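Worksheet: one structure, shown below.
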Amino acid sequence: MSRAVAYVLLGPPGSGKGTQAKLLAPKLGMAHISIGDLLREAVRNGTEVGKLAKSYIEAGKLVPDEVAMKIAEDAMKGPACEKGFVVDGFPRTIEQAKLFDALLKRIDFNLEKVLYIDLPLKEILKRLTGRRSCKKCGAVYHVVFNPPKKEGVCDVCGGELYQRKDDTDDVIKVRFDVYQKETFPLIDYFKRSGKLVKIDGSKDVKSVFSEICRIAGV
Ligand code: ADP
Ligand code: AMP
């Protein structure tokens, strides 16, 4: 028996990984880890990692594997993950997936499921151009599909909502190409381990979450 379990949310940018991870983690009593959120926090705080990551993020490219790995490993070894974690946006390359497997062994965690949320490019564009995030708590909204009660203000903490710099048409296209080239091969990689479950991401947030809960048995 392993010490705890890990869930991975895989899928193209805008497929709803963050939205679902934020719902699933508390339901399972586990920590939520988003490498994208941690990198943006590092950029805001002007740390060394943040300075390095900024240009990659703004161009829609992946940060180098060793940078993503270091952030992931620090988070996964943290006390918040004692009961397990739900990670979104990681791993994103075959190299990261291999290093992640080795890390899970070292920390004695079992990879329970890889939840692959599928969504076509046309829908991705609609989702990402309308995304708004809270500056303070990171809650995620959509101007049409999931609007806050008061425009520009976070329902959860009252913080100011902003549009991510990488959620513009041009950068979204780069991110989608990077996804297809670097991350899409992970679907076969995890299929081989028998852990991958495909989920239709085109349904509304509630329906996708019900499906995920059914798969996770909660
Ligand atoms: P990811 O983490 O995969 O990049 P997000 O969870 O940030 O994606 O979702 C992208 C955008 O789509 C956000 O604006 C979010 O509010 C919205 N969204 C997420 N899931 C759904 C859904 N099932 N239906 C409609 N909009 C959604
Ligand atoms: P996300 O918040 O998941 O949309 O990620 C935003 C950006 O952070 C990506 O476009 C990458 O530049 C960077 N990033 C997030 N996760 C990773 C990862 N696992 N590997 C490399 N770069 C990442």
Side-chain angles (χ1 to χ4, degrees), residues 8-25 32-44 49-50 52-73 75-76 86-97 99-100 103 115-120 122-134 138-148 154-156 161-168 171-179 181-183 186 199-212:
V8 167
L9 283 159
L10 183 69
S15 57
K17 302 180 298 294
T19 300
Q20 296 299 329
K22 283 187 178 79
L23 295 169
L24 181 62
H32 168 217
I33 300 174
S34 159
I35 305 303
D37 283 351
L38 291 170
L39 284 169
R40 280 184 290 276
E41 194 186 316
V43 172
R44 270 196 307 276
V49 167
L52 187 128
K54 191 171 187 280
S55 58
Y56 289 95
I57 296 175
E58 286 178 2
K61 302 271 170 67
L62 296 181
V63 304
D65 285 337
E66 57 274 20
V67 176
M69 264 333 282
K70 169 87 173 79
I71 294 215
E73 178 158 358
M76 288 165 192
V86 177
V87 64
D88 83 75
F90 176 89
R92 251 163 149 127
T93 64
I94 293 280
E95 178 63 12
Q96 287 180 21
L99 293 168
F100 179 51
L103 171 64
L115 305 164
Y116 162 44
I117 310 182
D118 189 28
L119 194 70
K122 206 170 129 240
E123 295 304 315
I124 290 170
L125 287 169
K126 282 191 226 158
R127 297 260 183 108
L128 291 183
T129 47
R131 172 160 65 184
R132 299 292 182 271
S133 312
C134 177
V140 175
Y141 300 87
H142 189 282
V143 289
V144 178
F145 306 137
N146 181 26
C154 178
D155 292 348
V156 183
L161 302 186
Y162 79 106
Q163 182 168 25
R164 277 170 48 175
K165 268 194 185 164
D166 58 347
D167 279 347
T168 55
V171 184
I172 292 168
K173 289 202 181 94
V174 175
R175 287 160 63 204
F176 187 72
D177 287 347
V178 168
Y179 168 76
K181 196 162 154 262
E182 307 267 359
T183 312
L186 293 185
I199 292 153
D200 176 6
S202 64
K203 306 224 170 77
D204 60 29
V205 173
K206 253 189 166 170
S207 307
V208 176
F209 188 53
S210 301
E211 176 65 1
I212 287 179

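In each ligand, atom 1 is the first atom listed, and ligand 1 is the first ligand listed. Keep in mind that what you see is a predicted model, and the values were worked out from it rather than measured.
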Measure the distance from atom 19 (C) of ligand 1 to every protein heavy atom, then report the residue, atom name and distance (to 0.1 Å) of the closest one.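 For this ligand atom, the closest protein heavy atom is Thr19 OG1, 3.5 Å.
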Atom 14 (O) of ligand 1: nearest protein contact (heavy atom, Å): Tyr141 O, 2.7 Å
Per atom 25 (C) of ligand 1, closest listed option by heavy atom (His142, Lys17, Arg127):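 The option holding the nearest heavy atom is Arg127.
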If hydrogens are left out, which of Lys17, Arg92, Arg175, Glu95 has an atom nearest to atom 3 (O) of ligand 2, that is, the closest non-hydrogen atom? Arg92
For ligand 2, is there an N or O atom under 3.5 Å from any N or O atom of [X]?
{"X": "Arg164", "value": "yes"}
{"X": "Arg131", "value": "no"}
{"X": "Asp166", "value": "no"}
{"X": "Val63", "value": "yes"}
{"X": "Arg40", "value": "yes"}

Carboxylate-amine/guanidinium proximity below 4.0 Å for [X] and [Y]:
{"X": "Arg127", "Y": "Glu123", "value": "no"}
{"X": "Arg131", "Y": "Asp166", "value": "no"}
{"X": "Arg44", "Y": "Glu41", "value": "no"}

Can you tell which part of Leu39 has a heavy atom less than 4.0 Å from ligand 2: side chain, backbone, both or neither? side chain
Ligand 2 versus Glu182, non-hydrogen atoms closer than 4.0 Å: side chain, backbone, both, neither?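 Neither; no heavy atom under 4.0 Å.
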With heavy-atom distances below 4.0 Å as the criterion, list the atoms of ligand 2 near Gly36.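 So the answer, numbered in order with elements, is 2 (O), 5 (O), 15 (C).
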What atoms in ligand 2 come closer than 4.0 Å to a heavy atom of Gly89?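 Contacts of ligand 2 toward Gly89, numbered from 1: 16 (N), 17 (C), 18 (C), 19 (N).
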Which atom names give the shortest non-hydrogen contact between Ala53 and Val63, and what distance separates them? CB-CG1, 3.9 Å
More than 12 heavy atoms of other groups within 6.0 Å of Lys22 NZ: yes
